[in-house]
Visitor: 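My questions all concern the structure below.
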Amino acid sequence: MISLSEVQTIAVCGAGTMGAGIAQVAAAGGYDTLLFDIQPAMLDKARAQITQNLDAAVSKGRLQAADKIAILERIRFTPRVEDCVGEVIIEAIAEKIEIKTALFGQLTDINHSGAIFATNTSSLSVSRIAAGIVNPARVAGMHFFNPAPAMKLVEVVTAQDTAPETATLIYDLALKMGKTPVHVKDAPGFIVNRVARHYYLEAMKVAEQGLADFADIDRLLEGTGFRMGPFALMDLIGNDVNLAVTQSLYDAFEQAPRFTPNALQVGRVQQGRLGRKSGKGFYDY
Ligand SMILES: NC(=O)c1ccc[n+]([C@@H]2O[C@H](COP(=O)([O-])OP(=O)(O)OC[C@H]3O[C@@H](n4cnc5c(N)ncnc54)[C@H](O)[C@@H]3O)[C@@H](O)[C@H]2O)c1
């Protein structure tokens, strides 16, 4: 299996909300970074987002202009799955198990047999994602938080077959990227998303019952010290992704009523109001 000192290239799959940020973090950590997406438009959007983030860091005096250029030069944007070759693969594509296992299947064929596979899934079973891969001992969860460049926390998920060296490598890699990793076990939603589910679901129930509107609920929760209110946060996450996570926990906990997806989020997804990424969600942007 590959060791941390052998890691030179990190292939990040999926250039959406999370993948773009993870690629920025990997390149800032000094790694040659490949950012792959099947939609070329998402690659253009990711490049613009990363450039904007780095420009903001330069203007705040947190990054030298020369370092900004070096970070951007370390990222190669590609729409070709064949280019996803590296010592570490970090997957941040759609929150659907069949799509993730299909991609990992394709990538095992073209990568070194010791390459490490990490998934950024928020809620799916890492053990199930790993099951379809040759040598599942090299698969772990590497769950970044949104926005990935700003949020320090990374849940490092040990699945059923994850080798201790794999979990350690992902942990150390997160440290090298300037993050604060925490080891967790593979369970639905791991720790943070399982607990945080009720932040979103209960807030939507409050709104449905007409007790307060979205903005007031957000103001109230922010007033108690939460960095973002639940509706602003759901719009940042993406209502489609957040609904997929709710659905996945609901299924994993055998349709436990406390995880029932809420009609407000279902409706937003049906209307294409996905949040910030589509310009409209609970709020208009
Ligand atoms: N949004 C969040 O706040 C958040 C936080 C932590 C983890 N996650 C997890 O990260 C993953 C990605 O979420 P996101 O919010 O970035 O989603 P997103 O919808 O913003 O982006 C997903 C990207 O994956 C691409 N894609 C889909 N199938 C692909 C494939 N087969 N090959 C290559 N690219 C493909 C899409 O074109 C899209 O650009 C999910 O598993 C999600 O649960 C999301």
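Order of listing sets the numbers, starting from 1, for every ligand and every atom in it. Keep in mind it's a predicted model, so treat the numbers as computed, not measured.
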Visitor: Which of the numbered atoms in ligand 1 are under 4.0 angstrom from any heavy atom belonging to Lys100?
Guide: 40 (C), 41 (O)
Visitor: Might you confirm whether atom CD of Gln64 has over 12 heavy atoms from other residues, nucleotides or ligands at distances under 6.0 Å?
Guide: no
Visitor: Between the side chain of Glu91 and the main-chain N/O of Ile93, is any donor-acceptor distance below 3.5 Å?
Guide: yes
Visitor: Would Asp240 count as being in polar contact with ligand 1, using the rule that some N or O on each side must be under 3.5 angstrom apart?
Guide: no
Visitor: Heavy-atom count check: over 12 atoms from other residues, nucleotides or ligands less than 6.0 Å from Glu254 CD?
Guide: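 No.
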Visitor: Considering only non-hydrogen protein atoms, determine which one is nearest to atom 32 (N) of ligand 1 and report residue, atom name and distance to 0.1 Å.
Guide: Phe36 CE2, 3.5 Å
Visitor: Tell me if the aromatic rings of Phe145 and His143 count as close, with their centers under 6.0 Å from one another.
Guide: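 Yes.
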Visitor: When you measure from atom 37 (O) of ligand 1 to every protein heavy atom, which one gives the shortest distance, and what is it?
Guide: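 Answer, as residue, atom name and distance: Asp37 OD1, 2.7 Å.
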Visitor: Could you check whether Tyr200 and Asn239, counting side-chain N and O atoms only, form a donor-acceptor pair closer than 3.5 Å?
Guide: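 On atom types as modelled, these side chains do not qualify, holding no pair under 3.5 Å.
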Visitor: Answer with yes or no whether the side chains of Thr168 and Glu165 bring together a donor and an acceptor at under 3.5 Å.
Guide: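 Distance-only check fails for Glu165 and Thr168.
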Visitor: Assess the residue pair Arg273 and Asp284 against the criterion (salt bridge (charged side-chain N to carboxylate O under 4.0 Å, His left out)); give the C-alpha distance rounded to whole Å, side-chain angles, the decisive distance to 0.1 Å, and a yes or no.
Guide: CA-CA 9 Å; Arg273 298 182 69 108; Asp284 288 350; 2.9 Å; yes
Visitor: Are any of the heavy atoms in Phe144 under 4.0 Å away from ligand 1?
Guide: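 Phe144: in contact with ligand 1 (<4.0 Å).
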Visitor: Can you tell me if Ala92 contacts ligand 1 (heavy atom of the residue under 4.0 Å from the ligand)?
Guide: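 Yes.
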Visitor: Assess Arg258 against Phe253: is NZ or CZ under 6.0 Å from the centre of the six-membered ring, and within 45 degrees of the ring's axis?
Guide: yes
Visitor: Below 4.0 angstrom from a heavy atom of Gln39, which ligand 1 atoms are there? Numbered from 1 as shown, please.
Guide: 36 (C), 37 (O)
Visitor: For ligand 1, note which part of Met42 has a heavy atom under 4.0 Å away: side chain, backbone, both or neither.
Guide: side chain
Visitor: Which atoms of ligand 1 are found less than 4.0 Å from any heavy atom of His143?
Guide: 6 (C), 7 (C)
Visitor: Would you mind checking which non-hydrogen protein atom is closest to atom 43 (O) of ligand 1, with the distance to 0.1 Å?
Guide: Ser122 OG, 2.7 Å
Visitor: Do me a favour and list the nearest non-hydrogen protein atom to atom 44 (C) of ligand 1 with residue, atom name and distance?
Guide: Met18 CG, 3.3 Å
Visitor: Under 4.0 Å from a heavy atom of Lys277: which atoms of ligand 1 are those, numbered in the order shown and with their elements?
Guide: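 In order of number, 18 (P), 19 (O), 20 (O).
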Visitor: What protein heavy atom lies closest to atom 35 (C) of ligand 1? Include the residue and the distance to one decimal.
Guide: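 Looking only at protein heavy atoms, the one closest to atom 35 (C) of ligand 1 is Ile93 CG2, 3.4 Å.
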Visitor: How close do Asn111 and Gly86 get, heavy atom to heavy atom, and via which atoms?
Guide: OD1-N, 2.9 Å
Visitor: Give the atom numbers and elements of ligand 1 that come within less than 4.0 Å of a heavy atom of Thr17.
Guide: 15 (O), 16 (O), 20 (O)
Visitor: So, the side chain of Asn120 versus the backbone of Ile90: is there a donor-acceptor pair under 3.5 Å, distance only?
Guide: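 No; judged by distance alone, with no hydrogens or angles, the pair does not exist.
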Visitor: Test your reading of the model: is there a side-chain donor-acceptor pair from Glu95 to the backbone of Ser122, 3.5 Å cut-off?
Guide: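 At least one qualifying donor-acceptor pair exists.
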Visitor: Around atom 21 (O) of ligand 1, find the nearest protein heavy atom and jot down its residue, atom name and distance.
Guide: Gly16 CA, 3.3 Å
Visitor: Is Leu103 close to ligand 1, meaning an N/O of one under 3.5 Å from an N/O of the other?
Guide: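 Leu103 vs ligand 1: no N/O contact under 3.5 Å.
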Visitor: When you measure from atom 29 (C) of ligand 1 to every protein heavy atom, which one gives the shortest distance, and what is it?
Guide: Ile38 CD1, 3.6 Å
Visitor: Can you find an N/O atom of Thr121 closer than 3.5 Å to an N/O atom of ligand 1?
Guide: no
Visitor: Determine, using ring centers only, whether Tyr199 and Phe226 are less than 6.0 Å apart.
Guide: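 Yes.
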Visitor: Touching ligand 1 at all, Glu91? Heavy atoms, strictly under 4.0 Å?
Guide: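 Per 4.0 Å heavy-atom rule, Glu91 does not contact ligand 1.
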Visitor: Pull out every atom of ligand 1 sitting under 4.0 Å from any heavy atom of Asn146, numbered as shown with elements.
Guide: 1 (N), 2 (C), 3 (O)
Visitor: Quick one: nearest non-hydrogen protein atom to atom 10 (O) of ligand 1, plus distance?
Guide: Asn120 ND2, 3.0 Å
Visitor: For Thr162 and Val139, indicate whether the former's side chain and the latter's backbone hold a donor-acceptor pair under 3.5 Å.
Guide: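 Here the side-chain-to-backbone pair exists.
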